[in-house]
Structures are given as structure tokens and as C-alpha cells.
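Only one structure is covered here, and it is reproduced in the block below.
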Amino acid sequence: MHKRGKTFLIVFALGTLATGAWAGQARGMCPAPVLAMTYNIRLDTPADGENAWTNRRDFLTGQIELLRPALLGMQEVLPNQRGDLQAALKGYSFVGGGRDDGKLAGEASPLAIDDRVFRIRSSGTFWLSPTPLVPSRGWDAALPRIATWAHLSRKSDDTRMLAINTHWDHVGNEARIESGRQLARWIAANRGRDEAVILLGDLNTGADDPAVAGMVDTAGLLSTASEQEARGSGGAPPSTFNGYDAVPQPGRVIDHIFVSRAVGVLRGMVLALHRNGRVASDHFPVAALLRLPAGDREVPCAARQAQCACKAPSPAELRK
């Protein structure tokens, strides 16, 4: 019982922080922080038995509705699951095609974007392979892998952002290395001058893997988990792959949120959510509360936060 209460306290704390931030914006304070989340929802397969999609769908969509991320990247989304998500999550626009044809066929890694917060300027999908513009399987990957992207502008102040969601191969080491290199090159070629970058995804490996570390270093990104650990915020998070076990276990974080260096990381956590000992997916979602700067390449994060007093609200401020 104690563990269950603790689990839902995490959700409440994150939710109240986001709510307080919206209230702060209404009072003319800093622009509201952005809640980003990545979630491998596990594909719909009869092989999962009691954990089949129909038995966990409402719990999973309920989590998303409760947290209401402004930016959500999902993986392993089959066409019928996408339909269920779109029906349940009102006020979101979904972008990104399936890996089999770039449209609806096969697993997708879509971005769900809160229409209240962002305007979509352009979006698309490409394959992690030497032929990124056509459906393809790259290098030693076991399966075709894709990345979904969207150029966004925040409606409140026109802050620009490039959001990317991806799912790397679970078998091919060369494929993961080359996927990281490809994404770093793609970001360099497609990022606008004043765009912040948020990269979400299930990379099937940890942040210390050379494939990930090389991408992060080349693209000038930071791990939101590493930033939180550096501040002494509770130690290393649990493994994000849970295998349908509700009890968080020590292990590798393979689901990640990376941001460009001028983005402020206010909170970052693995959300070990369960209901009566059951989880909604074989992965826990990962969330980060972020402060988007104006002119990401021009204004250092600390300076931007000082100008705007952009810090997480205190408990007293949240109660106002």
C-alpha cells in the first residue's frame, strides 16, 4: 500500500507543478514550462495475454490525460492504437507515419502535440537507414526504424522548437551507432537558427552507450536525467523497461529525453505508475518539465532564467 501511494504522489507532484506554471503565465510571469513525455506504449499483440492492449488502453490514456504533456512522443503505435489514442486524447494533433509505408502501415513513432500550446509549422517522418526517404531497414537492424519530426512555435510567444521522436533497433549495434550519427547530421541540417531542440525516444540502450553519447555530443544535446542527477535530485532513476512488473527495478534507462543546451530542465523523472499492481505498458513513461528559452542559440540558459526569474515554483507559490 505504501508503494502504491508513493507512485501516485509522483504524478500529483508533477501535475500540480504544471498547473501552477499555467497559473503563473496567466498572472504575467514567465512563459509556462513545457511538460514533455516519451512513452513506449507496447504494440497490440495477442501474445501479451492479460496485458493485451484492450486491458490496459484506458489506464494508459488516462495517465496521459492526467499529466497532459504539451509534447508527447510514443513508440510501437499500431494503426488501431493510434485510433484509440486520437479518440481519447482531445485537443492533440498527431504527426508521423508508420514505418512500413510512411503513412499508416506498421508501427509508428508519432508525436502528439497539445493544440493549446503549440502551432505545427511542418512535420514529417524519415527512416533510420542509408535511404531515409523511402521505407527501408538500415545496416544490421532487425526491423525498419524511423524518426518523426515537427517544427513548432509556441502560441503564447512564438518561441520556436524542433521536436523529434524516434525508436532505435533492439538488436543491431551498428544500426544504433549509425542512427545516432544520422540524427545528429539531420538536426544540424534542419534545425532553425532560433530553435530549441527536444529529442524523445526509446533508444534501446543507455545514455552511456557510445551510439548515444556520440549523437548527444555532436548535436549539442543534454540528457534531462543527467541534469537532474547533477543537481542531487534523488539519485539514479529505475530501469524504464519493466516487462509488466509494477515494482521499479534498478537497471538501464533506455527511454530518453534530450534537449539543446539552452533549455532549462526543471524536473525530470521516470514515472513508475501502476494501478492495483498492473502497469499500462512494458515501459514506464519518462517525463521532463522544461523551460524553453527565446533564441535558443543566443541566450545561455542561466542568463535567460535570471532575466525571467524562470525557476520552479515553490510549494507556497503553487498554493496561491
Side-chain angles (χ1 to χ4, degrees), residues 38-45 71-82 93-113 120-152 161-193 195 197-207 209-221 254-260 283:
T38 183
Y39 205 161
N40 183 323
I41 71 167
R42 175 62 176 171
L43 78 163
D44 180 7
T45 171
L71 179 67
L72 170 64
M74 292 174 284
Q75 301 85 35
E76 296 195 21
V77 182
L78 291 175
N80 67 302
Q81 293 175 293
R82 182 175 182 139
S93 291
F94 284 66
V95 300
R99 68 187 184 190
D100 290 357
D101 64 356
K103 298 177 182 177
L104 289 179
E107 289 182 25
S109 296
L111 285 163
I113 299 153
I120 301 170
R121 295 186 288 124
S122 59
S123 65
T125 299
F126 62 89
W127 281 261
L128 300 176
S129 82
T131 54
L133 300 182
V134 297
S136 50
R137 180 171 59 88
W139 307 286
D140 61 347
L143 297 165
R145 299 295 182 176
I146 56 176
T148 296
W149 58 271
H151 291 285
L152 307 174
M161 183 176 76
L162 173 58
I164 307 159
N165 178 40
T166 189
H167 189 186
W168 288 9
D169 199 65
H170 64 301
V171 173
N173 184 61
E174 181 188 4
R176 289 190 292 271
I177 291 171
E178 294 299 335
S179 293
R181 291 171 177 168
Q182 182 182 3
L183 279 163
R185 291 193 302 267
W186 191 92
I187 290 169
N190 291 276
R191 179 187 184 186
R193 181 176 179 274
E195 282 187 317
V197 177
I198 299 180
L199 173 61
L200 312 145
D202 173 2
L203 305 190
N204 272 306
T205 192
D209 187 296
V212 180
M215 175 190 69
V216 167
D217 183 61
T218 302
L221 303 177
I254 63 173
D255 301 270
H256 303 274
I257 301 176
F258 299 104
V259 297
S260 50
H283 287 239

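Along the sequence shown, residues are numbered consecutively beginning with 1.
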### Query
Would Ser109 and Thr166 satisfy side-chain contact (heavy atoms from CB on, under 4.5 Å), going step by step from the backbone distance to the final call?
CA-CA 6 Å; Ser109 296; Thr166 189; over 6 Å; no
Side-chain heavy-atom pair [X], [Y] within 4.5 angstrom cut-off:
X      : Y      : result
Leu128 : Leu183 : yes
Leu200 : Leu111 : yes
Leu71  : Ile113 : yes
His283 : Ile254 : yes
Leu143 : Arg99  : yes
Gln75  : Thr38  : yes
Glu195 : Leu152 : no
Asp209 : Leu203 : no

### Query
What is the distance from atom CH2 of Trp168 to atom CD1 of Ile177, rounded to the nearest 0.5 Å?
9.5 Å
#### Entry: Reported CG-to-OG1 distance for the pair Asn165 and Thr125, which is rounded to 0.5 angstrom
9.5 Å
Looking only at non-hydrogen atoms, find the nearest pair between [X] and [Y] and report the distance.
X      : Y      : result
Asp202 : Asn204 : OD1-N, 3.0 Å
Pro79  : Gly106 : CD-O, 3.8 Å
Asp169 : Arg176 : O-NH1, 3.0 Å
Ser123 : Ile120 : CB-CG2, 4.3 Å
Glu107 : Ile146 : O-CD1, 4.1 Å
Pro144 : Ser136 : CB-O, 3.6 Å

### Query
So Ile41 and Val77, side-chain contact (heavy atoms from CB on, under 4.5 Å) or not? Walk me through it.
CA-CA 7 Å; Ile41 71 167; Val77 182; 3.7 Å; yes
### Glu76: side chain to side chain donor-acceptor pair (under 3.5 Å) partners, not counting sequence neighbours
Asn40
### Donor on one side chain, acceptor on other, Ser129 and Gln182, under 3.5 Å
no
### Message
If you count heavy atoms of other groups shown closer than 6.0 angstrom to CG of Leu104, is the number above 12?
### Response
no
### Query
Is the His256 ring parallel, tilted or perpendicular to the Phe258 ring (thresholds 30°, 60°)?
parallel
#### Entry: Polar side-chain atom of Asn190 near backbone of Trp186 as donor-acceptor pair, under 3.5 Å
yes
#### Entry: Stepwise side-chain contact (heavy atoms from CB on, under 4.5 Å) test for Ile257 and Ile198
CA-CA 7 Å; Ile257 301 176; Ile198 299 180; 4.1 Å; yes
### Query
Which is it for Trp139 and Arg145 under the side-chain contact (heavy atoms from CB on, under 4.5 Å) test, yes or no, and what are the steps along the way?
CA-CA 11 Å; Trp139 307 286; Arg145 299 295 182 176; over 6 Å; no
